[in-house]
Participant: 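Right, I'll just put the structure down here and ask away after.
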Amino acid sequence: YPINISSPAQIAILLYDVLGIEPPDKSKPRGTGEEILQKIDHPMAEIILEYRGITKLLSTYIEKMPTITNPKTYRIHTSFNQMGADTGRFSSSDPNMQNIPSHNDEIRKMFRASEGHVLLSSDYSAQEPRLTAHMSGDEKMIAAYKAGKDLYVEIASIAYNLPYDECKEFREDGTRNPDGKERRNAAKAIVLGVCYGKGVPAIAEDLGVPRKKAQEIYDKVMVSFPGLKQFMEDSENMARDYGFVTTVWGRKRRLPNMQLEPYEFTYIGGVPKDFDPLFDDEDEFDDGPLEVDEATKQRYINVLNRTYSRKEKEVIKAKAKNEGILIKDNGGYIAEATRQCVNSRIQGSAADQTKLAMILIGNDKKLKELGFRLLLTVHDELIGECPKKNAKEVAERFAHLMVEAAKDLSVPSKCDVEVTECWYGEPLQLDE
DNA sequence: ATCATAGGCCAC
DNA sequence: AAACGTGGCCTATGAT
Ligand SMILES: [Mn+2]
Ligand SMILES: [Mn+2]
């Protein structure tokens, strides 16, 4: 029988039914995602992965772009959606120019500066961690950035109890240190994971270390940077109290789910199971459904809070249903909102900074005189073009204004500028 | 044809 | 036993 290799459903039939392979991830018994296929030791899994990789690039980028270029200018015109993301970030669509593969030599060559011009791309270095350091006020984090240190290296050295230099990718003499790189990567994964609300088990999985080891590192990071832990708790409390969180520059993100009750109770049918209108002397029924009384709610809440297993919770809910009471569990929504609290403040502050930089750059007379024009924003990065001869002057001004966008913070900002012919291409030398 | 959803995957 | 945040676009699939 022919099968469609582009159909996840048909691939699942092939792998799990026809070939009888055991699903590596029990929570996704029919999954065919990249991580799952990598764990399957069968030539078919490898072939599917290869096919996916190629067709993704082919359909989304290589075949798509030529069909939407302006026939006269050969330019592509994207839409930047000012309110595209709830955090304050732009989104980009039709086409999305914020997810062009950056590690693929073939695709990046597609985008070039116009004749006689160069592309300038300036990327904030560690934008989000720096803003996290600022917002948290954590002395050690701030000190690390003030001293021009690499925070991830700093954290690795604390977590592993090793000198700073043992946690760097490169040694003083310029030779590589694979152990150092691994330590730094682990620290980076943990800091980012913490900021995004990742749990310890998932961090362990990422790092390929036992859960216990991941927990150790996690705890050490939290103890070493008390301001960070406080910042996370403050962010959650802000959202619980006010229903929103704010960024460094005052942008709000509403998170109403933080104010949900963990459980909501309603009578199925609007009245208790034993409700008898003939013997009910209160007229509450006319005003809508009856509310479950506090004592009953509390009884269920006490039982529910005694267990952490989803299965047992389901049993309790089923029992309640049998007694005519519907229990809505908001735990999942609250957990999600709790992760969004911290992340939104960080991501939103970064978006603010980048947008402020865009305003400074768009209003700058000098850049205008030098023929510079902003083309794209990719969250922590701005891309523009200018005449080749002005490249050096523009590059300096460009980066300066991006740093200037956040000048009164407790940590410095830093930008890396690249001047290229093609997007992500080989850096050009800037003479004169 | 157009729309909605799911699974999957690209970016930061 | 535990979803890591923010997006958009691809194909498949089933409904209108
Ligand atoms: Mn960056
Ligand atoms: Mn970037």
Side-chain angles (χ1 to χ4, degrees), chain A residues 3-12 25-28 30-37 48-49 51-65 68 78-81 83-104 107-108 123-129 132 189-206 211 214-215 218 232 235 245 253 255 307-313 331-333 335-351 354 376-382 423-424:
Chain A
I3 76 155
N4 184 349
I5 192 168
S6 294
S7 163
Q10 294 184 34
I11 285 177
D25 185 346
K26 277 196 188 324
S27 68
K28 285 181 181 170
R30 308 292 294 176
T32 69
E34 188 170 353
E35 272 184 41
I36 291 171
L37 292 189
I48 294 162
L49 279 175
Y51 173 84
R52 290 233 182 105
I54 291 167
T55 52
K56 172 89 181 176
L57 297 179
L58 197 58
S59 62
T60 311
Y61 306 105
I62 299 172
E63 291 179 339
K64 182 73 184 180
M65 294 303 169
I68 52 174
T78 181
S79 294
F80 282 111
N81 313 303
M83 298 301 177
D86 293 341
T87 51
R89 273 190 182 180
F90 275 112
S91 72
S92 161
S93 60
D94 311 292
N96 182 356
M97 289 298 291
Q98 290 180 322
N99 72 340
I100 303 298
S102 55
H103 301 294
N104 187 297
I107 287 177
R108 72 190 188 190
D123 187 306
Y124 283 112
S125 117
Q127 187 190 30
E128 291 190 353
T132 305
I190 286 189
V191 173
L192 292 180
V194 165
C195 291
Y196 295 167
K198 190 182 259 189
V200 171
I203 292 174
E205 175 80 14
D206 284 359
R211 194 168 293 193
Q215 182 72 53
Y218 182 95
M232 296 173 71
S235 303
V245 291
R253 180 179 183 184
L255 293 166
T307 180
Y308 290 96
S309 113
R310 270 207 64 78
K311 266 221 162 73
E312 279 185 56
K313 279 193 178 181
Y333 298 118
E336 182 183 25
T338 304
R339 293 188 298 272
Q340 288 168 330
C341 289
V342 178
N343 176 260
S344 290
R345 297 188 72 190
I346 299 170
Q347 193 181 109
S349 296
T354 304
L376 298 174
T377 165
V378 191
H379 311 305
D380 76 330
E381 175 180 11
L382 298 174
W423 197 9
Y424 302 125

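Numbered from 1 within each chain, the chains take letters A, B, ... in sequence-line order. Everything numeric here is computed off the predicted structure, so don't read it as measured data.
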Participant: If you look at every strand shown and take non-hydrogen atoms under 4.0 Å, does A:Arg345 touch a base, only sugar-phosphate, or nothing?
Facilitator: nothing
Participant: Give a yes/no on whether any side-chain N or O of A:Asn99 is located under 4.0 angstrom from OP1 or OP2 of B:dC9.
Facilitator: no
Participant: At 4.0 Å (heavy atoms only), tell me whether A:Lys311 reaches a base, stays on the sugar-phosphate, or touches nothing.
Facilitator: nothing
Participant: Under 4.0 Å between any heavy atoms, over every strand shown, what does A:Gln10 touch: base, sugar-phosphate, or nothing? Just pick one.
Facilitator: sugar-phosphate
Participant: Take atom CG of A:Leu57 and atom C1' of B:dA11, then tell me their distance rounded to the nearest Å.
Facilitator: 12 Å
Participant: When we call it a touch if two heavy atoms are under 4.0 Å apart, what does A:Gly193 touch: a base, just sugar-phosphate, or nothing?
Facilitator: base
Participant: What does A:Gly53 touch in the nucleic acid at a heavy-atom separation under 4.0 angstrom: a base, only the sugar-phosphate, or nothing?
Facilitator: nothing
Participant: Is there, by distance only and without an angle test, a donor paired with an acceptor across the side chain of A:Lys56 and the base of C:dC10 below 3.5 Å?
Facilitator: no
Participant: SG of A:Cys341 to CG of A:Leu255: how many Å apart, nearest 0.5 Å?
Facilitator: 5.0 Å
Participant: Of the nucleotides C:dC9, B:dG8, B:dA11, which one has an atom closest to the side chain of A:Pro8?
Facilitator: B:dG8
Participant: Check if the side chain of A:Arg89 and the base of B:dC12 share a donor-acceptor pair of N or O atoms closer than 3.5 Å.
Facilitator: yes
Participant: Output the single nucleotide from C:dT11, B:dC12, C:dG8 whose closest atom is nearest the side chain of A:Tyr424.
Facilitator: B:dC12
Participant: Answer with base, sugar-phosphate or nothing: what part of the nucleic acid does A:Ser91 contact at a heavy-atom distance below 4.0 Å?
Facilitator: sugar-phosphate
Participant: For B:dG7, does either OP1 or OP2 sit under 4.0 Å from a side-chain N or O belonging to A:Ser7?
Facilitator: no
Participant: Can you figure out which of C:dG7, C:dC9, C:dC10 approaches the side chain of A:Lys64 most closely?
Facilitator: C:dC10
Participant: Would you say A:Arg52 places a side-chain N or O within less than 4.0 Å of OP1 or OP2 belonging to C:dC10?
Facilitator: no
Participant: Quick one: closest heavy-atom pair of A:Ser92 and A:Asn81, and the distance?
Facilitator: N-ND2, 3.9 Å
Participant: If you look at every strand shown and take non-hydrogen atoms under 4.0 Å, does A:Thr32 touch a base, only sugar-phosphate, or nothing?
Facilitator: sugar-phosphate
Participant: Measure from the side-chain heavy atoms of A:Asp94 and tell me the nearest of C:dG7, C:dC9, C:dA2.
Facilitator: C:dC9
Participant: Of the options B:dC9, B:dC12, C:dC4, whose atoms approach the side-chain atoms of A:Arg339 most closely?
Facilitator: C:dC4
Participant: Reckon A:Gln340 touches a base, only the sugar-phosphate, or nothing at all at heavy-atom distances under 4.0 Å?
Facilitator: sugar-phosphate
Participant: Once you round it to whole Å, what is the distance between C1' of B:dC12 and CG of A:Asp123?
Facilitator: 9 Å
Participant: In this structure, how many angstroms lie between the C1' atom of C:dA3 and the NZ atom of A:Lys28, rounded?
Facilitator: 9 Å
Participant: What is the distance from CD of A:Glu34 to C1' of B:dC10, rounded to the nearest Å?
Facilitator: 11 Å
Participant: Describe the nucleic acid contact of A:Gln127 in one word from base, sugar-phosphate, nothing, applying a heavy-atom distance below 4.0 Å.
Facilitator: nothing
Participant: Can you tell me which residue among A:Val342, A:Asp380, A:Thr87 is in a side chain to side chain contact (heavy atoms under 4.5 Å, CB included) with A:Gln347?
Facilitator: A:Thr87
Participant: To the nearest Å, how far apart are A:Asn104 CG and B:dA11 P?
Facilitator: 9 Å
Participant: Give the nucleotide from the list C:dG8, C:dC4, B:dC12 with an atom nearest to the side chain of A:Asn96.
Facilitator: C:dG8
Participant: What is the nucleic acid contact for A:Ile203, judged by heavy atoms within less than 4.0 Å: base, sugar-phosphate only, or nothing?
Facilitator: nothing
Participant: Looking for any heavy atom pair under 4.0 Å, which part of the strands does A:Tyr61 touch: base, sugar-phosphate only, or nothing?
Facilitator: sugar-phosphate
Participant: If I take atom CD1 in residue A:Ile107 and atom C1' in nucleotide B:dC9, what distance separates them, rounded to the nearest angstrom?
Facilitator: 13 Å
Participant: By the 4.0 Å heavy-atom rule, please label A:Ser92 as base, sugar-phosphate, or nothing.
Facilitator: sugar-phosphate
Participant: Using heavy atoms to find the nearest nucleotide of DNA chain C for A:Gln347 and A:Ser27 separately, return the residue whose nucleotide is more 5′.
Facilitator: A:Ser27
Participant: Can you tell me the distance, in whole Å, between the CD1 atom of A:Ile5 and the C1' atom of C:dC10?
Facilitator: 15 Å
Participant: Measure from the side chain of A:Ala85, starting at C-beta and using heavy atoms only, and say which of C:dA2, C:dT6, C:dC10 lies closest.
Facilitator: C:dT6
